[in-house]
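What follows is a short report on a single structure.
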Amino acid sequence: MIRVLGIETSCDETAASVVALDGDSTPRILSDIVLSQIEEHAAFGGVVPEIAARAHVEALDGIIEAALADSGVDLADIDAIAATAGPGLVGGLIVGLMTAKAIAAAANKPLIAINHLEGHALTARLTDGLDFPYLLLLVSGGHTQIVAVRGVGDYQRWATTIDDALGEAFDKTAKMLGLPYPGGPNVEKAAADGDATRFAFPRPMKGSAQPDFSFSGLKTAVRQAATAIAPLSDQDVADICASFQAAVADALDDRVSRALNRFRQEFPGEVEPALVVAGGVAANRTIKATLEALCEKAGFAFVAPPLKLCTDNAAMIAWAGIERLRAGISGENTADFVPRSRWPLDSISAPMVGSGRRGAKA
Ligand code: KG4
Ligand code: ZN
C-alpha cells in the first residue's frame, strides 16, 4: 500500500489531498480539498501573484490538516509528500514546496517535487486506469499543449501556443465584452443565445502542418468587431461570444486532428488509442462536443476526467508522486530542490519563439 500526501499551490488554488494505491488495485482518493481564490482576484480581472502567495500562506496549513483528517490517515502512515515545484507563480510554489519540505523533514518522509503538468498528464490513469501511450490536450488558463504521454517521466510535447493560452483568450474576450471573471464560463453562457455565424472570425493556424496554436489574432479580430459596432447590446455580445467559440472549436478541430494523425503514425500498434483532455477549458460544451466528434471519426477513445480532477487539484499531484514511487523514479526529491516558475515537461522541445506563458496557470 502506498499513501501519498499531495500539495498544490502553483496558481490560485490552495489544495491538499491523500491518494492511496494498494498493489495493482484501483487507486483511491482518500481526501481532496481545493480552496479557490477566485473571489480574491475577481476585482482585478485576473490572478494577482502577490495576493495569491499571501492567500496560500494563510490557508495551506489548515487545508493540509483537513486533507489528512478527511483521509483518516495519520501523517506517520504517509509514505511520501509530493508537492508541485513548478511551473507556476513562484510565490505560491515557494509556499507549497517549503511547507512540504518542512513536513517531510519533521516527519522523516521522502519529498517528491512534482511538475504540475505531469500531474495533469497522469490524471487519466488515476481516474480511468488508462495505459500508456496516449495523447493529452491540456487547455487551461496558462497552457495550451498537446503532449504524447509515453510513460511516467516520458513526455513529448507535440504542440503549444505561440502566444496566448486558450483560457486566457476566453478571459480576455470576456473582459473586452464586459463579462465578469473568470471569463470562460461567462463567454459560454452568453454564447448560448448567440448567432455563431454573424461574425466570420479567423481560424488561427488552420492548415499549418505543425499542430501548434495561436489565439492572439483571434482576440484582435474580436476587439475590432466589438469596436466597430459599439455600443454593444446583449444580443451583440451573445453573437460575438458564439462566433468566437465557433472559431475556437473549428481551430481546435483542425489542430487536434493533425496530432491524432501523428499519433497513428508513431504508434501504429495502438489498437485503442485515446485522447485525454485536461484543464478548465475542457468544461466548455461546444469544445467538448467538437473533440468528441473528432475522436469518434478518427477511432480514438475520448477521455475527459471529472472536471474537479481536470482543473487544478492536489489529488493529481499525490497521484504523480505514487506513479513516480512505483516506477522507482521519484527522482529530484532532495531538500535542495528550488521551485521553477518555468519547467517544460519535455526538456527536448525547444521553447517557441515568441511564446508567452504569460498566464499564471498551468
Ligand atoms: O484549469 P483551470 O481551472 O486553471 C488553470 O488554468 O490551471 O482553467 C481555468 C481557465 C480559465 O481561463 C477559464 O476561463 C477557463 O479555464 N474556463 C473555460 C470554461 N470554464 C473555465 N473556458 C471556456 N469555457 C468554459 N466553460
Ligand atoms: Zn493546471
Side-chain angles (χ1 to χ4, degrees), residues 6-15 17 34-38 41-42 44-47 49 52 84-89 92-93 96 114-123 136-145 147 161 164-177 179-192 194 213 215 218-219 222 241-242 244-249 251-252 276-291 304-317 319-320 341 343 345 357-362:
I7 297 173
E8 159 62 39
T9 55
S10 67
C11 192
D12 64 342
E13 278 92 15
T14 314
S17 161
V34 180
L35 178 70
S36 167
Q37 303 173 358
I38 281 185
H41 301 288
F44 304 95
V47 178
T84 302
L89 293 171
L93 292 171
I114 300 289
N115 183 314
H116 178 92
L117 300 173
E118 179 169 60
H120 282 304
L122 297 176
T123 298
L136 170 77
L137 171 68
L138 174 61
V139 276
S140 69
H143 288 276
T144 304
Q145 301 193 352
V147 177
T161 175
D164 294 347
L166 183 51
E168 199 178 354
F170 268 95
D171 293 339
K172 287 178 177 172
T173 295
K175 206 169 178 180
M176 267 187 268
L177 300 175
L179 298 172
Y181 173 85
N186 290 304
V187 168
E188 179 173 18
K189 214 181 295 164
F213 302 92
F215 296 107
L218 175 57
K219 180 184 65 191
V222 169
C241 287
F244 165 80
Q245 212 170 247
V248 165
L252 278 184
V276 176
V277 287
V281 183
N284 187 289
R285 273 161 298 206
T286 303
I287 291 176
K288 215 170 181 174
T290 303
L291 294 171
L307 199 61
K308 190 161 186 259
L309 294 170
C310 258
T311 55
D312 287 352
N313 65 88
M316 71 178 186
I317 303 303
W319 173 247
S341 56
W343 185 5
L345 246 194
R357 236 205 95 258
R358 292 192 200 119
K361 296 192 152 199

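Quick caveat: nothing in here was measured; it's all calculated off a predicted structure. Remember, it's 1-based here, ligands and their atoms both numbered in the order they're listed. Hydrogens, waters and symmetry mates play no part in the numbers below; they use all other heavy atoms, side chains included.
Ligand 1 has an N or O atom lying under 3.5 Å from an N or O atom of E188, backbone or side chain. Between A283 and ligand 1, no pair of N/O atoms sits closer than 3.5 Å. Between E13 and ligand 1, a contact under 3.5 Å exists for no N or O pair. Backbone and side-chain nitrogen or oxygen atoms of F170 are examined, and none is located within less than 3.5 angstrom of a nitrogen or oxygen of ligand 1. Checked by distance only, ligand 1 and G141 come closer than 3.5 Å through their nitrogen or oxygen atoms. Between D312 and ligand 1, at least one pair of N/O atoms sits closer than 3.5 Å.
For atom 15 (C) of ligand 1, the nearest non-hydrogen atom from the set N313, L307, V281, L166 belongs to V281. Nearest-residue assignment for atom 20 (N) of ligand 1 (options G280, A174, C310, A278; heavy-atom criterion): G280.
Between C11 and ligand 1 there is no heavy-atom distance shorter than 4.0 Å.
Under 2.8 Å from the Zn ion (ligand 2) lies an N/O/S atom of H116, whether from backbone or side chain. The distance from the Zn ion (ligand 2) to the nearest N/O/S atom of H120 is under 2.8 Å.
Between the W343 side chain and the A85 main chain, no donor and acceptor come within less than 3.5 Å of each other. Put simply, the side chain of E188 gets close to the backbone of R285: a donor and an acceptor are under 3.5 Å apart.
For ligand 1, the atoms sitting less than 4.0 Å from at least one non-hydrogen atom of D171 are 11 (C), 12 (O), 13 (C), 14 (O), numbered in the order shown with element in parentheses. Interface atoms of ligand 1 facing G167, defined by a heavy-atom separation under 4.0 Å, are 12 (O). Near G279, with a cut-off below 4.0 Å to any heavy atom, the atoms of ligand 1 are 1 (O).
Contact check for K288 versus V277: no side-chain heavy atoms found under the 4.5 Å cut-off. Side chains of M316 and H116 form a contact here, defined as non-hydrogen atoms less than 4.5 Å apart. By the 4.5 Å heavy-atom criterion applied to side chains, N284 and Q245 are counted as neighbours. Counting heavy atoms from C-beta on, the side chains of D164 and K219 come closer than 4.5 Å.
Ring centers of F170 and F244: under 6.0 Å apart, within the cut-off.
Here S10 contributes atom OG and I114 contributes atom CD1; the two are 12.5 Å apart, rounded to the nearest 0.5 Å. Here the CD atom belonging to E8 is positioned 8.0 Å from the CG atom belonging to L93, to the nearest 0.5 angstrom.
D312 has its closest N, O or S atom to the Zn ion (ligand 2) at the position named OD1.
The backbone and the side chain of T311 each have at least one atom closer than 4.0 Å to an atom of ligand 1 (non-hydrogen atoms only).
Residues forming a ring-ring contact (aromatic ring centres under 6.0 Å, His included) with F215 (at least two apart in sequence, or on another chain): none.
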